[in-house]
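Heads up: the structure comes next, in structure tokens.
Since we're looking at a predicted model, the values are computed, not measured.
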Amino acid sequence: MSVSIVMLAVMATLYASGVYLLLERSMTRVLLGFLLVGNATNLLILITAGKVGSAPIVADGVAPEDMTDPLPEALILTAIVITFGVSAFLMALIYRSWRLAREDSVEDDADDIALRAGTLLVPSDGNEQDSSDSEFGNRGEAAISSARDSARSDDGMAPGTAADGGGSR
């Protein structure tokens, strides 16, 4: 099996550029780095596929050794679809970040700094939710609790009783 040096150089360049961009603070550069790493991986699969042969269609006069294995090409197509889906998700995150903060860079928060210093601050209760992490603030919590209260008052009984199927029988 002979490997093209040009394909190896292109693949190595794509990997190096992609990893460099993945380590940046800008989410757009992270997206571009992810795309470069995905394309480099597709090239790696193509390089390791082996020699080029005829189409894998069984016909008279074609030996199985002369045919190309279709599995690497199927893996590349699957990788393209997965890369497209993850890229769309990253673009949605970038758009949301831009709409909320008008900036594209990821900043360190208190937990990142504490983790780097080795003194991670762990909250005492895992059920606590900060209302500042939602665009609804306290209104979102009020809507959930008021809906829960109205459902309880419609039944006329507390949840867990025999009327709503809960409780002991």
Side-chain angles (χ1 to χ4, degrees), residues 1-137 140-141 144:
M1 175 173 112
S2 65
V3 178
S4 172
I5 299 298
V6 174
M7 291 282 280
L8 282 175
V10 168
M11 181 198 66
T13 304
L14 286 175
Y15 268 125
S17 303
V19 169
Y20 176 76
L21 288 174
L22 279 172
L23 297 175
E24 291 287 325
R25 291 276 192 187
S26 171
M27 289 183 65
T28 304
R29 290 183 182 181
V30 169
L31 172 66
L32 292 174
F34 177 76
L35 292 173
L36 288 177
V37 168
N39 286 329
T41 304
N42 292 342
L43 276 177
L44 175 66
I45 294 171
L46 190 64
I47 289 170
T48 59
K51 66 180 182 70
V52 178
S54 62
I57 298 173
V58 178
D60 293 335
V62 178
E65 304 83 46
D66 297 334
M67 294 183 193
T68 302
D69 187 15
L71 181 63
E73 295 169 3
L75 289 174
I76 289 172
L77 286 174
T78 305
I80 289 170
V81 171
I82 291 170
T83 302
F84 176 75
V86 174
S87 311
F89 178 70
L90 282 173
M91 283 191 280
L93 286 177
I94 292 168
Y95 175 74
R96 182 69 176 162
S97 172
W98 180 257
R99 292 284 299 196
L100 289 177
R102 292 284 184 215
E103 63 182 38
D104 189 23
S105 64
V106 178
E107 300 296 327
D108 287 336
D109 60 355
D111 289 337
D112 290 335
I113 295 169
L115 182 63
R116 192 176 310 132
T119 59
L120 181 62
L121 304 173
V122 179
S124 61
D125 186 9
N127 295 331
E128 295 174 6
Q129 183 178 0
D130 185 17
S131 62
S132 65
D133 68 346
S134 171
E135 65 184 305
F136 299 111
E141 293 175 6
I144 293 172

Are any non-hydrogen side-chain atoms of [X] and [Y] less than 4.5 angstrom apart?
X	Y	answer
Thr28	Leu31	no
Asn39	Leu43	no
Leu8	Met11	yes

Under the side chain to side chain contact (heavy atoms under 4.5 Å, CB included) criterion, do Phe34 and Leu21 qualify, and how do the steps go? CA-CA 8 Å; Phe34 177 76; Leu21 288 174; over 6 Å; no
Without swapping roles, check the side chain of Ser97 against the backbone of Leu93 for a donor-acceptor pair under 3.5 Å. no
Using atom types as modelled and distance alone, determine if a side-chain donor or acceptor of Thr48 lies under 3.5 Å from a backbone N or O of Ile45. yes
Identify the two heavy atoms, one from Met27 and one from Ile94, that lie closest to each other, and give their separation to 0.1 Å. O-CD1, 3.4 Å
When every non-hydrogen atom of Asn42 is compared with those of Ile80, the smallest separation belongs to ND2-CG1, 3.7 Å
Which distance, rounded to the nearest 0.5 Å, do you find between the [atom1] of [X] and the [atom2] of [Y]?
X	Y	atom1	atom2	answer
Leu44	Met7	CG	CE	10.0 Å
Leu32	Ser17	CG	OG	11.0 Å
Thr78	Leu71	OG1	CG	9.0 Å

Applying salt bridge (Lys or Arg N to Asp or Glu O under 4.0 Å), name anything that partners Glu24, two or more places apart in sequence or on another chain.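 Glu24 satisfies salt bridge (Lys or Arg N to Asp or Glu O under 4.0 Å) with Arg29 once adjacent residues are dropped.
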